Amino acid sequence: VSNQTSNPEEDRKNKSWRPIPSGRISLRTALRLRWTLLVVCIFYSASCSVLVEGATLSAATIAYNELGLGSHWIMRSVINAVGHACFIFGSTNAACAGTCIPPSVHP
């Protein structure tokens, strides 16, 4: 949702079937959904013992889309690597129910 709301004009030109350009959802409603999902993600990450990973992924998404750091290839690559690491560490920790990393390393 973050990606779709960051540049709806591009989607209007290239991917007109998507929800915002096709008028199935307004940009304002999509933005509300985007920020609501961010809060849900943080709380859900905390409930799964992966708050650090969820918060880091959320921060990386904000940096990429809202702060525009995804526009340069180096930062885009770094942020994508951070995102992949969050998925890997987060899914591993969630599968281990928070027991994979010692408490001294992972709060």
Side-chain angles (χ1 to χ4, degrees):
V1 177
S2 177
N3 186 35
Q4 305 311 308
T5 59
S6 65
N7 193 353
E9 190 56 39
E10 180 182 345
D11 282 351
R12 203 174 330 278
K13 293 175 185 174
N14 300 319
K15 299 173 183 173
S16 59
W17 65 88
R18 287 189 170 173
I20 296 172
S22 66
R24 292 190 310 253
I25 188 172
S26 70
L27 179 58
R28 183 177 177 163
T29 302
L31 284 167
R32 285 182 182 160
L33 176 62
R34 184 261 181 281
W35 292 108
T36 300
L37 288 174
L38 176 76
V39 173
V40 170
C41 173
I42 296 298
F43 280 106
Y44 189 67
S45 295
S47 73
C48 294
S49 301
V50 290
L51 178 59
V52 172
E53 294 86 347
T56 302
L57 181 61
S58 296
T61 302
I62 290 169
Y64 189 94
N65 288 318
E66 279 75 25
L67 300 180
L69 295 181
S71 62
H72 189 273
W73 70 271
I74 292 175
M75 287 307 299
R76 183 172 49 242
S77 298
V78 168
I79 292 171
N80 281 321
V82 168
H84 284 287
C86 288
F87 288 130
I88 292 166
F89 287 114
S91 59
T92 302
N93 271 340
C96 296
T99 61
C100 295
I101 298 178
S104 62
V105 177
H106 191 275

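Please read these numbers as outputs of a predicted model, since none were measured by experiment.
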On a heavy-atom basis, which atom in Val82 and which in Ala60 lie closest, and how many Å separate them? CG1-CB, 4.2 Å
Are the side chains of Asn3 and Ser6 in touch, meaning some heavy atoms are under 4.5 Å apart? yes
One should read off an interatomic distance between Asn93 CG and Ile88 CD1, to the nearest 0.5 angstrom, of 12.0 Å
To the nearest 0.5 Å, what is the distance between CG (Leu51) and CZ (Phe43)? 9.5 Å
Between Cys41 and Tyr44, is any pair of side-chain heavy atoms under 4.5 Å apart? no
Nearest 0.5 Å, please: how far is CD in Glu53 from OG in Ser58? 11.5 Å
Ala94 and Val50 have their tightest heavy-atom pair at N-CG1, 3.7 Å
Distance col, row Arg34:CZ vs Thr61:OG1, nearest 0.5 angstrom, shows 6.5 Å
In one Ile/Leu/Val/Met/Phe/Trp/Tyr side-chain cluster, 4.5 Å: Ile79, Leu67: yes
If I take atom CD1 from residue Ile25 and atom CD from residue Gln4, how far apart are they, to the nearest 0.5 angstrom? 10.5 Å
When rounded to the nearest 0.5 Å, the distance separating OG of Ser47 from CD1 of Ile42 is 11.5 Å
Asn7 and Glu9, any side-chain heavy atoms less than 4.5 Å apart: yes
Given the rule that I, L, V, M, F, W and Y join up when any side-chain heavy atoms are under 4.5 Å apart, are Met75 and Tyr64 in one cluster? yes
With distance as the sole test, does Arg18 use its side chain to make a donor-acceptor pair with the main-chain N or O of Pro8 at under 3.5 Å? no
